[in-house]
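First up is the structure itself, then whatever we jot down about it.
Note on naming: letters A, B, ... go to the chains in the order of the sequence lines (proteins, then strands), and numbering restarts at 1 for each one. Fair warning: this is a prediction, and the values are worked out from it, not measured in the lab.
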Amino acid sequence: MYTQTEIIKDTTSNGPEGELVINVGPQHPATHGVLHLVITLNGETIKKIEPHLGYIHRSIEKMCESLNYRQFIYVTSRMDYLSAHINNLACAMCVEKGMQIEVPARAKVIRVLMSELTRIASHELWLGAMAMDLGAFTPFFYTFREREMINEIMEDTCGARLTMNYMVPGGVSIDLHPDFQQKVKAFVKQFKERIGEYDDLITNNIIFQNRMKGVGILSKEDAISYGCTGPVARGSGVSSDIRKIYPYEVYDTVEFEEILETGGDSFARYLVRMREMSQSIRIIEQLIDNIPEGDFQAKTKAVLKLPKGEFYTRVETARGELGVYIVSEGATSPYRIKFRSPGFSNLSALDHMVRGSKIGDLMATMGTLDLVIPDIDR
Amino acid sequence: MTNEEIKNFITSVAPSATFDETGEWLNVLAEPATWKELAQRLRSSSEFQFDYLFCLTCIDWKTHLTVVYHLSSSVHRHTIVIKVKAETANPEVETVSDIWRTAEFHEREVFELFGVKFLHHPDLRKLILTDDFEGFPLRKDFEDPINMIKL
């Protein structure tokens, strides 16, 4: 971390070989949060990028050590706030694995439906924000039009639009709103009609393609070595979809494709996310008329105690693989908990991806990494 | 790939390693002295190809620290957990950031939050905390009266 005087000094003086050090962030519109990048430039060419983290570090892992197994899930909504449902799901699944709780069929389907709606909402926000980074303001309004419908569906059922806190150990906290199915169907109908607009507006736009193609290339080997997951890895041709490799809940009973692109550049990552939204719609369509009747929550004890041991679950969030690692000593709260967040690993590849490219390409690369800073800092 | 085959391979590289199969995955307790070579062999062996380090963390057991590596293979899809013990007073473990590049960031995080020194790490500096921060927040004996982390 730099002291204030050092920051001013760094931005004004050139280094020994005419290098210029500039600071992007922590308050910068294109970093989508308090990410601080120290960029060493030679002319317009990037020589090195150093991320400085911690501006929103809340030490969630330490906090969880003093929270019990029902409470700690609520904190995780604040990690990757765009995938709140899926974070909650990972934690609930980890507790269920430790206590061997059988989740009712209805809860499983609800969980998958909510996860996929979250994924679409997250990708919609990414699309609007990324286009805005590149100077296109209009797509933001198009994507938020659809995202708003999802937020309303969430609000009906969970009472929240961002920090959902809906998944609990044993199922979900409350039953679905009576209008849920009807509203989701209306959303699916509208989304399918309008996804073509995104392609007309962005995908087939020559200015956009010129900004994205051949930028921020990440090879398959590097993607694996840097531990990249999610659309970042799949854009480089690495098969990494947890929903396919280690299916959880009802993902093994629905049909969907794992989207793979081999380009490894920003455009490939863009295409992966765009096509993933359609796959999520496909999953929702298969499940929305087949929500089983019955309990939405298994009967659990008032006080949850995990047996002594170690438990690890992984789920596919909108950004990649989220792992929850609980070390239990048999108490009511975890002895140690670790969240393996997708953004942290994806960010570590940034320096490698943009070295030697122009500074204008940095935003196109960062836009398709889809970084959420509270997820990186935790 | 069965756990037996992985065990045989690990024993041939690091005879002192012990195993624990009570959990979901095979747990390997490796000696710090043999860990670096074991890591290289696990990564390079075409038979096992542990090329994906998906989680690197540390646990404070009060008497000692344990650095935990979750390894998986993107080709064969098997997973193992490696645990390397370190002393509380002066914890030192060899870096694996030259083998799995994701370890560079993860080791920096463990370094500042637990105080584990990763030997031969290319850039072992604080990543999240300020440079003048004292103490290791995720250790069990850490107390900070001003910024309460405990709820």
Side-chain angles (χ1 to χ4, degrees), chain A residues 1-3 50-67 71 75 97 220-229 233 238-240 245-246 308-314 321 323-325 327 329 335-340 344-349 351-352 376-378, chain B residues 20 22-25 27 43 49-62 66 68 70 72-75 77 79 81 83 97-110 112-114 123 125-133 137-140 142 144 147-151:
Chain A
M1 237 35 84
Y2 281 60
T3 63
E50 262 182 71
H52 286 216
L53 306 176
Y55 290 94
I56 193 162
H57 188 253
R58 296 141 297 176
S59 211
I60 284 181
E61 289 171 9
K62 183 85 174 181
M63 257 163 47
C64 291
E65 286 174 16
S66 58
L67 295 171
Q71 292 169 329
V75 187
K97 188 186 249 181
K220 189 176 177 180
E221 289 71 30
D222 286 334
I224 297 172
S225 184
Y226 276 106
C228 294
T229 47
V238 183
S239 164
S240 63
I245 306 167
Y246 311 102
K308 199 171 181 291
E310 294 176 4
F311 309 97
Y312 194 103
T313 49
R314 33 189 167 183
E321 174 181 340
V324 179
Y325 177 47
V327 180
E329 284 283 86
Y335 184 77
R336 163 97 175 101
I337 191 160
K338 158 85 183 171
F339 296 107
R340 183 261 183 237
F344 189 75
S345 299
N346 290 353
L347 176 69
S348 69
D351 180 41
H352 176 77
I376 297 167
D377 275 3
R378 281 160 286 132
Chain B
D20 173 15
T22 50
E24 185 185 2
W25 296 311
N27 277 243
R43 171 69 184 84
Q49 233 176 339
F50 284 102
D51 53 3
Y52 176 37
L53 175 71
F54 64 92
C55 187
L56 194 167
T57 187
C58 184
I59 304 166
D60 181 9
W61 291 107
K62 288 174 190 162
T66 313
V68 185
H70 283 76
S72 157
S73 165
S74 66
V75 185
R77 302 285 180 211
T79 305
V81 185
K83 290 177 179 168
S97 57
D98 49 340
I99 305 169
W100 298 282
R101 301 177 79 171
T102 182
E104 190 177 326
F105 259 46
H106 281 91
E107 283 177 352
R108 279 176 70 180
E109 194 193 5
V110 170
E112 65 186 336
L113 299 177
F114 285 94
D123 186 21
R125 286 177 301 128
K126 286 187 172 165
L127 180 69
I128 292 169
L129 303 172
T130 49
D131 284 341
D132 54 357
F133 193 94
L138 280 186
R139 283 205 186 179
K140 290 285 172 186
F142 179 80
D144 188 342
N147 301 305
M148 299 266 284
I149 303 176
K150 274 193 176 170
L151 292 177

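Proximity to chain A (any heavy atom under 4.5 Å) is shown, for B/Glu104, by neither the backbone nor the side chain. For a residue to count as touching a neighbouring chain, one of its non-hydrogen atoms must lie under 4.5 Å from one of that chain's; by this rule B/Ser72 touches chain A with the side chain only. With a threshold of 4.5 angstrom between heavy atoms, B/Arg43 does not approach chain A through any atom at all. For B/Thr79, the part lying under 4.5 angstrom from a heavy atom of chain A is the side chain only. Within the 4.5 angstrom heavy-atom criterion, no atom of B/Val81 approaches chain A.
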Quiz item: Between B/Leu113 and A/Lys62, does a side chain to side chain contact (heavy atoms under 4.5 Å, CB included) hold up when you go through it step by step?
Solution: CA-CA 10 Å; B/Leu113 299 177; A/Lys62 183 85 174 181; over 6 Å; no
Quiz item: Passes side chain to side chain contact (heavy atoms under 4.5 Å, CB included), B/Thr102 versus A/Cys228? Steps please.
Solution: CA-CA 8 Å; B/Thr102 182; A/Cys228 294; over 6 Å; no
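Annotation: side chain of A/Arg340 is not in contact with side chain of B/Thr57 (no heavy-atom distance under 4.5 Å). Residues A/Glu50 and B/Arg125 meet the side-chain proximity criterion, which asks for heavy atoms closer than 4.5 Å. Counting heavy atoms from C-beta on, the side chains of A/Ser239 and B/Arg77 come closer than 4.5 Å. At a threshold of 4.5 Å between non-hydrogen side-chain atoms, the residues A/Ser240 and B/Tyr52 do not count as touching.
The heavy-atom pair separating A/Ser345 from B/His106 by the smallest distance is OG-CE1, 3.4 Å. What you find for A/Arg336 and B/Cys58 is that their closest heavy atoms are NE-O, 2.6 Å. For the residue pair B/Phe105 and A/Pro51, the shortest heavy atom distance occurs at CZ-CG, 3.7 Å.
Checking side-chain atoms of A/Ser225 against main-chain N and O of B/Arg101 turns up a donor-acceptor pair under 3.5 Å. Here the side chain of B/Lys140 pairs a donor or acceptor atom with the backbone of A/Tyr335 at under 3.5 angstrom.
Scored by the side-chain contact (heavy atoms from CB on, under 4.5 Å) test, A/Glu310 finds A/Tyr325, A/Val327, B/Asn27, B/Ile59, B/Lys83 as partners (sequence neighbours excluded).
Ranked by non-hydrogen atom pairs under 4.5 Å with chain B, the options A/Glu221, A/His352, A/Arg378 are led by A/Arg378.
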